[in-house]
Every structure is written in structure tokens, then in C-alpha cells.
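Each remark here refers to the structure printed beneath this line.
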Amino acid sequence: MENRTHTCGELRSQQKDNQVVLCGWVDSRRDHGSLIFINMRDIYGITQIVFDPAENEKTYASARELKPEYVIKVTGKVRHRPDGMVNPEMATGEIEVIAQEYSILNRAETTPFPIIDNVDASEELRFRYRYLDLRRPELQKNMIVRHKTSQIVRQYLTGQDFLEIETPYLMRSTPEGARDYLVPSRMQKGKFYALPQSPQTYKQILMIAGYDRYFQIVKCFRDEDLRAERQPEFTQIDIEMSFVSEQDVFNIAEGLMKQIFKDLLDLELKTPFPVLSYDDALNTYGSDKPDLRFGMKIKDVSKIVAESEFKVFSTTVKNSGIIAGLNLKGKADYSRKQIDGLNNFVLQLGGKGVLFAKVRTDGWDSSIKKFLTEKMMNEINHIMESEPGDLLILIAGDRKKTMELLGSLRSKLGKDENLIGENEFRPCWVTEFPLLEYDEEQDRYIAMHHPFTSPNEGNTELFESDPGAIKARAYDLVLNGYEVAGGSIRNHNYETQMKVFDLLKINAEEAKEKFGFLLDGLKYGAPPHGGIAFGYDRLVMILAGENSIRNVIAFPKTTSALSLMDNSPAEVDAKQLEELGISISDFRIRNGRNNTFLRNER
RNA sequence: GGGGUCGUGGUGCAGCUUGGUUAGCACAUCGGCCUGUCAAGCCGAAGGUCGCGGGUUCGAGUCCCGUCGGCCCCGCCA
């Protein structure tokens with residue numbers, strides 16, 4: 001077999017008159033009867049091949065058999081395209097290859113969807129034929145971005161003296177946090193490993209072992225429900241450092257981000273990134289992952305309307321709730337339908353309703369106008385910076401809930417109203433998270449970040465008086481409304497760690513049973529340490545300009561955690577279960593389900 | 001666990017509100033014509049268990065119930 005001399009993406013007019021051999025897929029065919037054009041594609045690009053009877057009568061005559069996705073090898077000569085025929089849209093558009101001969105390396109049936117960008121196929125179909133989906137230039141580009149990102153991460157962190165160390169995928173199941181994926185043990189029947197939700201305990205152990213700076217690009221597993229930005233198995237850039245405070249971790253994370261954006265997008269991220277406290281983020285943007293690409297900040301008008309005749313306002317303030325709102329600039333022309341749409345959006349999120357005011361030159365147009373004094377409306381206009389033509393959106397209720405509702409509304413409006421600039425990246429740190437949050441269901445405090453997070457220094461007196469007010473030495477890195485990284489300074493002191501467990505109602509015995517190895521480690525000279533973990537898929541998604549992480553993962557699962565290509569999960573042989581000492585109650589009959597068989601029939 | 005939305009030739013959609021001849025359109029496919037296309041063009045043809053199951057009805061793509069699957073969201077995700 002004659003060897004490939006060039007890829008389909010590299011020929012330019014410099015190679016004019018070169019004899020070349022190209023291999024690739026037939027991308028498209030334009031048959032003019034006595035002249036055939038074929039676009040030939042590989043991962044590197046597309047090159048136009050011409051079949052002309054004047055060049056080789058026999059080759060031209062048989063070339064009509066070539067169909068999309070046939071794998072072919074073409075031998076021919078590079079030539080500059082005739083005047084006016086250069087295609088500036090194509091990287092190789094100034095040349096074409098005039099075919100002397102070709103061979104078909106493999107034929108292809110008509111594909112279920114065309115192998116093109118912006119394909120009009122359902123995700124269901126794309127997942128079932130993922131090998132075809134991945135052949136599309138769009139996804140190939142995403143996989144390249146993903147690869148490059150990992151190379152930059154390894155290079156950058158290695159340059160900062162980090163060691164890449166692998167940690168086990170088979171570990172013990174630990175309480176707290178997400179639901180574990182379990183792996184039954186054959187040798188220890190009735191016992192299970194868990195797949196790691198993150199290598200948290202291992203990386204702390206590595207710090208105790210004196211490795212100083214660790215990183216790993218590592219798969220993590222969480223058996224929770226999926227979202228556009230959540231998969232059951234996902235990848236983290238996991239980082240841990242000894243003898244550090246928050247600022248040291250920030251510096252590394254910022255340096256890494258800077259490097260990635262520079263190398264990949266040729267963009268200079270300004271450092272240091274702005275820092276917001278959790279409270280500020282919530283009170284200004286209604287979210288602990290604020291999108292800073294646009295303004296429309298939330299304004300609290302509680303004080304202004306506390307004494308109003310509108311019962312909803314006055315009782316809300318009396319019950320220590322708030323009235324707050326957004327100013328949607330220049331949208332006083334919103335129709336009834338659009339306003340109802342916003343109201344329904346909030347109702348769906350569990351809100352009680354939204355109040356609107358259209359600001360006109362002669363005052364407000366609003367259902368609540370009659371309850372408010374002129375002075376109140378003026379003050380609201382002032383604080384919300386409203387002008388005639390604006391639409392004010394107000395919500396009343398419990399502080400946290402109201403802020404969150406406005407935050408959701410804000411991000412929805414930011415997208416719907418195109419308030420977000422193209423190619424804009426606005427990272428920030430969110431800090432001073434609460435250490436704990438109260439879980440009504442379990443009637444106890446649970447760790448907001450994770451149970452190894454260090455409480456803020458100087459918060460010790462709150463342990464007794466008001467645990468909910470303790471701040472954590474935790475931080476999130478937020479980019480364009482996505483949490484792209486999160487971490488904390490850990491407890492390296494045994495006593496402090498036990499105090500936190502105490503707050504979490506994990507008694508000494510249970511702590512010893514579940515985390516004994518780490519707790520023991522803390523007693524043998526654990527250095528102060530802390531770290532951070534990046535959501536690698538999310539980061540690549542943002543870098544690739546995608547809005548679903550499924551487009552930057554080669555083989556993702558659907559929102560019901562199925563793999564449509566290989567039909568997993570699937571039943572296993574009785575023999576396999578027997579070896580594991582596992583018996584299955586017949587849930588399929590009980591639930592009237594038989595989907596596995598139906599799907600296999602396709 | 002809950003809410004929303006979608007499922008119709010290979011693909012993307014229309015038809016469903018108000019049940020009634022032969023399920024319509026575009027792209028792809030197949031055949032023919034065509035020497036400069038790059039979303040090629042023109043002419044013609046073939047291609048449908050309307051996701052699956054049940055019910056109502058003389059009659060169901062259309063109405064009802066259930067179920068499976070895709071996507072989005074709430075809960076959940078330390």
C-alpha cells in the first residue's frame with residue numbers, strides 16, 4: 001500500500017505540482033456529469049479532489065461509485081485552482097488535487113445523519129451512533145481542545161513542582177455527600193467498594209505523607225441525577241498543597257487559568273480575579289455562582305416599602321423577609337404574555353409570584369401603584385436606577401429564597417435578552433461560605449463543602465452559640481455563571497476535625513470507623529494543607545464554547561444515566577451474580593418494566 | 001421522587017385543537033441529464049408497525065389511561 005503523504009488539512013499552493021497520496025472519508029460529492037468534485041475529510045481538514053476524464057478516463061468513469069463516508073485513498077497531483085474558483089472559506093481552498101487513481105479502503109452504508117457541523121439530528125440518535133457523531137469536525141475540535149487543556153495543565157503544574165499521583169478507584173464508601181457508585185467484592189462477599197466521589201481523603205493523606213504538591217486529572221463518580229452540566233462520571237483537575245493559605249491556592253489556580261486561556265484562546269485573563277463573599281454574591285446576584293458578564297444587580301428595597309399599605313410588603317418586612325428586585329432596562333414594552341412567562345418561571349421554581357412595574361415618563365404603570373406613595377416610588381426609582389422605559393421586577397419573601405429566585409430570573413433574562421457579550425470570560429472567587437447548612441430532613445447540620453473543611457479562624461466561640469454562622473475556609477472559582485472549581489483549607493489538627501464532626505453529629509466512634517485512617521494520620525505530623533478541584537468537563541465546555549458537557553465528553557450518558565451506544569447499564573449473567581453472592585429482587589416485574597429487551601431489539 | 005416538553009419514511013418537521021377518502025413537506029437515498037462545483041443544479045422514483053401496550057368509538061397519527069425513551073428544570077449533586 002502506497003503511504004499517505006499528506007493529511008486532508010495541510011496542502012497549500014506551496015505544494016503545487018506535488019504528487020500526493022491522501023487518505024480519508026468522502027465528505028460530499030458534486031457530480032457534474034463529466035466532472036466530479038469530492039470533498040475528502042480527515043480530522044485535520046478537508047481537501048477538494050477533482051475527477052476529470054481529461055486526466056484519467058478510467059478513474060473518472062468509476063468515481064461515480066464514491067459515496068459519503070466511503071474511506072478512500074487518492075493519488076494525484078496538487079494544482080492551484082483556476083481563476084475565480086478559489087474558496088476562501090476552506091483552509092485548503094486555494095488548491096485541489098486532480099485524481100490519477102483511487103482505491104476504496106472501505107464502503108459505508110448511508111449514515112443515519114450527515115457528518116456535518118450543526119447537524120440536525122436528535123441527541124438520542126447521535127448517542128446511539130456516537131462513532132459517527134464523534135467523526136463530525138465540531139466534536140473532533142472539542143476533543144482536541146480537551147486534549148490541549150490537559151497538556152497545558154500537566155505542563156503548568158509540573159513547572160510549579162506538582163507531582164501527578166494516581167489514587168484508587170476502588171475505595172471504601174464514606175458517608176456524607178453524594179450517593180456512591182458501589183462495586184461488589186467477590187473475595188469479600190457481601191462487602192462493597194465505592195467509586196470515588198473525589199480523591200479527597202487520598203490527597204490529604206498524600207499531604208500528610210509529605211508530598212507537598214499533588215495534582216491529578218482524575219475521574220470521579222456520583223450517583224445523582226443529571227443535568228446539562230452534570231454527568232455520573234466526570235473529570236476533575238485535583239490539586240492539593242501543603243503549608244498554604246487561601247491566597248497560595250488562588251495564585252496557582254489563577255496562574256493555571258491564565259495559562260490555559262492564553263495558550264488555547266489567546267486571551268489574557270486579568271489577575272488577580274475579583275473576590276466576592278458568599279453573602280455579597282447572594283445579595284447582589286442571587287447566586288453563589290454569579291455571572292459577571294452583565295450587570296442587572298439585585299436591589300433590596302425593603303426599607304423603602306416597609307411601611308407601605310401593601311400587606312404583602314409590610315408583613316414580609318415584619319417577618320424579617322425582604323422585598324428586592326431587578327431593573328430590566330428598556331423593557332417596559334413587555335407584553336402581557338412575556339410578563340406572565342416570567343411569573344410562571346418563578347412559580348415553577350417554587351416562588352409565590354412576581355410584581356411588575358413599567359416605568360413611564362409620567363410615573364409607574366403597575367398593579368401595586370395604588371399602595372405606594374409617590375416618595376416610595378421615587379426612592380425605588382433612585383435605588384434601582386430606573387428611567388422611563390424600564391421594567392422593574394419585584395419579589396417579596398424570605399431573604400435567601402427571594403435572592404435565589406431573582407438570581408435565577410437574572411440569569412434567564414441575561415440569556416433571553418442577549419445581555420451577554422460573545423467571547424467574554426469573567427472569572428471570580430466566591431469566599432466565606434458558611435461551614436454548615438441545616439438539613440431539615442436529617443434534623444442536623446451537614447457540611448456545605450465537605451467535612452474536612454477548616455472553619456475560619458476566630459469563629460471558635462460560635463461552635464457553641466451559633467454553628468450556622470461559622471464561616472468556612474472554602475472558596476469556589478466561578479466563571480460565567482458556572483462553578484468551575486471549588487476547594488478549601490483543610491483541618492490538619494485532630495482536635496479541630498473532631499469538633500467539626502461533633503457539629504455534624506458524627507460521634508467519635510463513627511468517625512473512627514469511617515475516617516479512622518485520616519484521623520490517625522492527623523495525629524502523626526500532618527502539615528497545614530489545602531487545595532482545589534476543577535470541574536474539567538465544565539472548563540473544557542466553556543473553552544469550546546459549548547453549552548452541554550456531553551459535547552466535550554467522548555462517550556457521555558443520557559439524563560437517565562444510560563449509554564445508548566452500548567446499552568449500559570445491562571443485566572449480567574446469573575453466574576456473575578452468584579460469584580459475588582448477590583441476588584436481585586425482580587424489580588422489572590414488580591415495576592412492570594421491560595425496557596432493556598425492547599431497546600435491544602432496535 | 002416531582003414538573004415541563006418532545007417521540008410520525010433514513011433524518012428534521014407538519015398533520016393532533018375539531019377522530020373520517022390515498023398521512024404532507026424538506027433533506028438524504030436510488031435512477032436519468034449536466035465540465036467548475038464547494039448547501040451544486042434540473043427531471044423522475046422508491047421509501048411509513050405514526051415509540052410501545054391497553055381503552056373509548058362503526059372508525060384513532062388525532063381522544064383517554066399506562067409505559068418506555070430523548071431533552072430542560074426542581075429536589076438531589078459534601
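Remember, it's a predicted structure, so these values are computed and weren't measured experimentally.
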Could you state the atom-to-atom distance from [atom1] of [X] to [atom2] of [N] in whole Å?
X      : N     : atom1 : atom2 : result
A:K412 : B:C73 : NZ    : P     : 12 Å
A:R538 : B:C77 : CZ    : C1'   : 9 Å
A:R29  : B:G31 : CZ    : P     : 8 Å
A:R41  : B:C38 : CZ    : P     : 19 Å
A:L132 : B:U11 : CG    : P     : 13 Å
A:E440 : B:C76 : CD    : P     : 11 Å
A:K557 : B:G70 : NZ    : P     : 13 Å
A:I115 : B:A28 : CD1   : P     : 15 Å

[atom1] of [X]: more than 12 outside heavy atoms within 6.0 angstrom?
X      : atom1 : answer
A:F192 : CZ    : yes
A:K16  : NZ    : no
A:Y193 : OH    : no

Watson-Crick or G-U wobble partner for [N], using a 3.5 Å limit on both distances?
N     : answer
B:U49 : none
B:C71 : B:G4
B:C25 : B:G12
B:G19 : none

Among [options], find the nucleotide with the atom closest to the side chain of [X].
X      : options             : answer
A:E123 : B:G36, B:G70, B:U29 : B:G70
A:D120 : B:C34, B:C71, B:G12 : B:G12
A:E224 : B:G36, B:G70, B:C77 : B:C77
A:P82  : B:G36, B:G69, B:C71 : B:G36
A:R81  : B:C77, B:G70, B:G36 : B:G36
A:L349 : B:G70, B:C38, B:C74 : B:C74
A:D52  : B:G75, B:U35, B:G69 : B:U35

Would you say [N] has OP1 or OP2 under 4.0 Å from some side-chain N or O of [X]?
X      : N     : value
A:T558 : B:G70 : yes
A:R30  : B:U37 : no
A:T559 : B:C71 : yes
A:R550 : B:C72 : yes
A:K67  : B:A28 : no
A:S122 : B:G12 : yes

On a whole-Å scale, what distance lies between the [atom1] atoms belonging to [N] and [M]?
N     : M     : atom1 : value
B:G69 : B:C52 : C1'   : 10 Å
B:U5  : B:G24 : P     : 29 Å
B:G61 : B:G3  : C1'   : 26 Å
B:G70 : B:U8  : P     : 15 Å

>> Between A:D17 and A:K77 (salt bridge meaning N to carboxylate O under 4.0 Å), is one present in this structure?
In response: no
> Hey, is A:K203 close enough to A:D238 for a salt bridge, meaning N to O under 4.0 Å?
Replying inline: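 Salt bridge flag = yes for A:D238 with A:K203.
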> Below 6.0 angstrom between ring centroids: does that apply to A:F515 and A:F452?
Replying inline: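 Ring centres of A:F452 and A:F515 closer than 6.0 Å.
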>> Before we go on, tell me: are the rings of A:Y60 and A:F51 under 6.0 Å apart, centre to centre?
In response: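 Between A:Y60 and A:F51, the centre distance exceeds or equals 6.0 Å.
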>> Quick check: on RNA chain B, is the nucleotide nearest A:N39 upstream (toward 5') of the one nearest A:L125, or the reverse? Name the residue that is more 5'.
In response: A:L125
> Mapping A:N547 and A:P112 onto RNA chain B by nearest heavy atom, which one lands closer to the 5' end?
Replying inline: A:P112
> Which is it for A:M403 and A:I298 under the side-chain contact (heavy atoms from CB on, under 4.5 Å) test, yes or no, and what are the steps along the way?
Replying inline: CA-CA 8 Å; A:M403 287 300 182; A:I298 298 172; 3.6 Å; yes
> B:G36 base stacked by A:H32? Criteria: ring centres under 5.5 Å, plane angle under 30°.
Replying inline: no
Would the base of [N] count as contacting [X] through its side chain, where contact means a donor and an acceptor less than 3.5 Å apart?
X      : N     : answer
A:E124 : B:G51 : no
A:R230 : B:C77 : yes
A:D225 : B:C77 : no

